[in-house]
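To start, the structure itself, in structure tokens.
This one's a predicted model, so the numbers in the text were calculated from it and none came from an experiment. Note that the numbering runs from 1 along the sequence shown for the chain.
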Amino acid sequence: AGEAAPRAPQFCPLNREQAEAVGTFVAAPMGSSPILLIGPAGTGKSLCLVEAICALVFGSPGTAVLVCGGTDIAADLLVVEVDNRVKAKEAQLIAAGQDPT
């Protein structure tokens, strides 16, 4: 059996396969080969990408993430969802009296 991927922080519920995919993204060393996420419609690929991006960005401030999509709409969806989570996280930090920057 393969070694389990590290568990990444979650911003919304994920099933086991989604959590493993996010953990794989987060555990990949800088400069490693690209990770390809494939699956049929409705399996949570976009959700996994959003969760992985947020885990990387919130886990390592200053991290830059490049995401490519097959269409402008796909890329726009990811940007909007990540932006929503960033705003929600900043609101939580402000409510807790912390500086979000």
Side-chain angles (χ1 to χ4, degrees):
E3 190 174 312
R7 201 168 150 78
Q10 291 183 10
F11 299 93
C12 65
L14 300 173
N15 65 33
R16 184 181 56 79
E17 290 87 3
Q18 292 167 333
E20 287 176 6
V22 171
T24 299
F25 278 101
V26 174
M30 179 93 54
S32 62
S33 298
I35 298 170
L36 180 63
L37 184 61
I38 58 173
T43 56
K45 294 177 299 295
S46 295
L47 174 65
C48 288
L49 290 173
V50 169
E51 290 294 318
I53 292 166
C54 288
L56 290 167
V57 170
F58 291 134
S60 301
T63 297
V65 178
L66 172 65
V67 179
C68 301
T71 65
D72 288 343
I73 293 171
D76 290 347
L77 171 69
L78 292 175
V79 169
V80 168
E81 289 301 319
V82 169
D83 187 54
N84 288 341
R85 284 175 176 73
V86 168
K87 287 177 182 172
K89 181 69 171 177
E90 288 176 352
Q92 288 174 348
L93 291 173
I94 291 168
Q98 300 175 21
D99 182 3
T101 57

**Verdict with reasoning, I53 to F25, per side-chain contact (heavy atoms from CB on, under 4.5 Å)** = CA-CA 9 Å; I53 292 166; F25 278 101; over 6 Å; no
**Message:** To the nearest 0.5 Å, what is the distance between CG on L56 and CD on E51?
**Reply:** 11.0 Å
**Asked** Atom CD of E20 and atom CG of L14: how far apart are they, to the nearest 0.5 Å?
**Response** 11.0 Å
**Message:** Minimum heavy-atom separation for L77 and S46, please, with both atom names.
**Reply:** CD2-OG, 3.9 Å
Please table the atom pairs, donor to acceptor, closer than 3.5 Å between any side-chain atom in residues 29-45 and protein atoms at least two apart or in another chain.
{"from": "S32", "atom 1": "OG", "to": "P29", "atom 2": "O", "distance (Å)": "2.8"}
{"from": "T43", "atom 1": "OG1", "to": "P40", "atom 2": "O", "distance (Å)": "2.8"}
{"from": "K45", "atom 1": "NZ", "to": "G39", "atom 2": "O", "distance (Å)": "3.0"}
{"from": "K45", "atom 1": "NZ", "to": "P40", "atom 2": "O", "distance (Å)": "2.8"}

**Prompt:** Shortest non-hydrogen contact from A52 to V26?
**Reply:** O-CG2, 4.4 Å
**Prompt:** Linking I/L/V/M/F/W/Y whenever any side-chain heavy atoms sit under 4.5 Å apart, do V65 and F58 land together?
**Reply:** yes
